[in-house]
Number of protein chains: 2
Amino acid sequence: MKVLTKNTDYAIRALLVLGTHEGEYVSARQISQQQGIPYQFLRRILQELNKNGLTTSREGAHGGVRLEKNPDAIRVRDVIEIFQGKVELSECMFRKQICANRASCVLRHEIMRIEEIVSREFGQITLGKLLTDLTKLNATATMEHTDEFEIINSGSHEKTDSNHR
Amino acid sequence: MKVLTKNTDYAIRALLVLGTHEGEYVSARQISQQQGIPYQFLRRILQELNKNGLTTSREGAHGGVRLEKNPDAIRVRDVIEIFQGKVELSECMFRKQICANRASCVLRHEIMRIEEIVSREFGQITLGKLLTDLTKLNATATMEHTDEFEIINSGSHEKTDSNHR
DNA sequence: TTATACTGATACTAAATTAGTATCATTTAT
DNA sequence: ATAAATGATACTAATTTAGTATCAGTATAA
Ligand code: FES
Ligand code: FES
């Protein structure tokens, strides 16, 4: 049971980067490298975040993407909904075809209840909270000599995205 | 965000049918028709339930599948796990690569917490409970003249599964 | 004024998962 | 014998997710 798709996962990680650079424009390239997210994939994700008003962008050299909304006003649920649609909609058109099939109905009720819970939970996690957690985590880790909030793992998939023409 | 796949959905509906015929063997064909589930697809699902000990089967004419475990001992979570794998495993190998990427880590913690909740919730819904709900639902519905627990909707996909040879 | 470093828009391909179909062998009741 | 069933397993189709590529346009700065 996969909860988050890469889209969402990458989006949130990108937002976390932006959150640690509030006010500044950060380029897709930078984020991609720092987080090991495929560049072109990330581009599309950022454009989507833009369209949804979570970020704004500046074109041209030294351009990039910047957090637009307050981190405390960005909920993980919002991000999920952008990339994976509403948490609630287990294809049950509620009462459209009023419980034609009772067996499904009974099940659906339970699923809807649980979806409700999940939705609420994800609605309570804000970017702000994640940023705080991250800071704390880095703080304790730093005391034991570890280096910056950066990626070490996954050697970026991409071969060579020669963006030169 | 899809929570249950068809596999799981059909499985539970099939189990509900079996639950209303405890002790008796019901054939895949019957269940398929009653619930509008593609016959061959359902066959495989039932075989899986068999292998996992939720049901037993009898071959030959008048054969079929029968509920083996007590409905109260069958949890929706079990069924989900059979067909969709554990609810918990957001690809985070916990501490294998000890939080190489802090950004993911922070997120994962929250996801794991929510997965925990979902798992617990699905673990609390038993087939027994669903059967009770179903009975209640049918009871009230019957008072207002509706007919049996049967399917009216989805005209079964299948063309003609001529199983004759 | 040109090269460079960016984003916008959008089309495309590849991989993985989910959904559904088909076939043949075997068992059992009648 | 025949029909009605399951066991095992291979296959195809549809959908979703993941990732790549391309071109046009904009801002900076040498
Ligand atoms: S309320 Fe959705 S099927 Fe009955
Ligand atoms: S605990 Fe899973 S990434 Fe840190």
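Numbered from 1 within each chain, the chains take letters A, B, ... in sequence-line order.
- For residues 32-41 of chain B, there are no salt bridge (charged side-chain N to carboxylate O under 4.0 Å, His left out) pairs, not counting sequence neighbours.
- Side-chain N/O atoms of A/Thr56 and A/Glu68 include a donor and acceptor closer than 3.5 Å.
- Distances shorter than 4.0 Å separate some side-chain N or O of A/Ser57 from OP1 or OP2 on C/dG8.
- In the set D/dT9, C/dG8, D/dA18, D/dA18 carries the atom at the smallest distance from any side-chain atom of A/Lys6.
- A salt bridge is absent between A/Lys86 and A/Glu115; no separation between the charged side-chain nitrogens and carboxylate oxygens falls under 4.0 Å.
- Looking at B/Glu110 and A/Lys129, a side-chain N of the basic residue comes within less than 4.0 Å of a carboxylate O on the acidic one, giving a salt bridge.
- Judged by closest nucleotide on DNA chain D, B/Gln30 is the one of B/Gln30 and B/Arg44 placed further toward the 5' end.
- Between A/Arg113 and B/Glu121 a salt bridge is recorded (basic side-chain N to carboxylate O distance below 4.0 Å).
- Comparing B/Ser27 and B/Lys51, the nucleotide of DNA chain D nearest to each residue sits closer to the 5' end for B/Ser27.
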Could you list all N or O pairs between the protein and nucleotides 28-30 of chain C that sit under 3.5 Å apart?
unit_1: C/dT28; atom_1: O2; unit_2: B/Ala61; atom_2: N; d: 3.1

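- Here B/Ile117 sits in one hydrophobic cluster together with A/Ile117; the rule is ILVMFWY side chains under 4.5 Å apart, joined directly or through other members.
- Between D/dT6, C/dG8, D/dT20, one nucleotide has an atom nearer to the side chain of B/Val65 than all others, and that is D/dT6.
- OP1 or OP2 of C/dG20 sits under 4.0 Å from a side-chain N or O of B/Tyr10.
- A sub-4.0 Å separation between OP1 or OP2 of D/dT6 and a side-chain N or O of B/Tyr25 is absent.
- The side chain of A/Ala28 approaches C/dT7 more closely than any other nucleotide in the set D/dG7, D/dG19, C/dT7.
- Contact between the side-chain N/O atoms of A/Thr5 and the OP1/OP2 oxygens of D/dT16 is not found at any separation under 4.0 Å.
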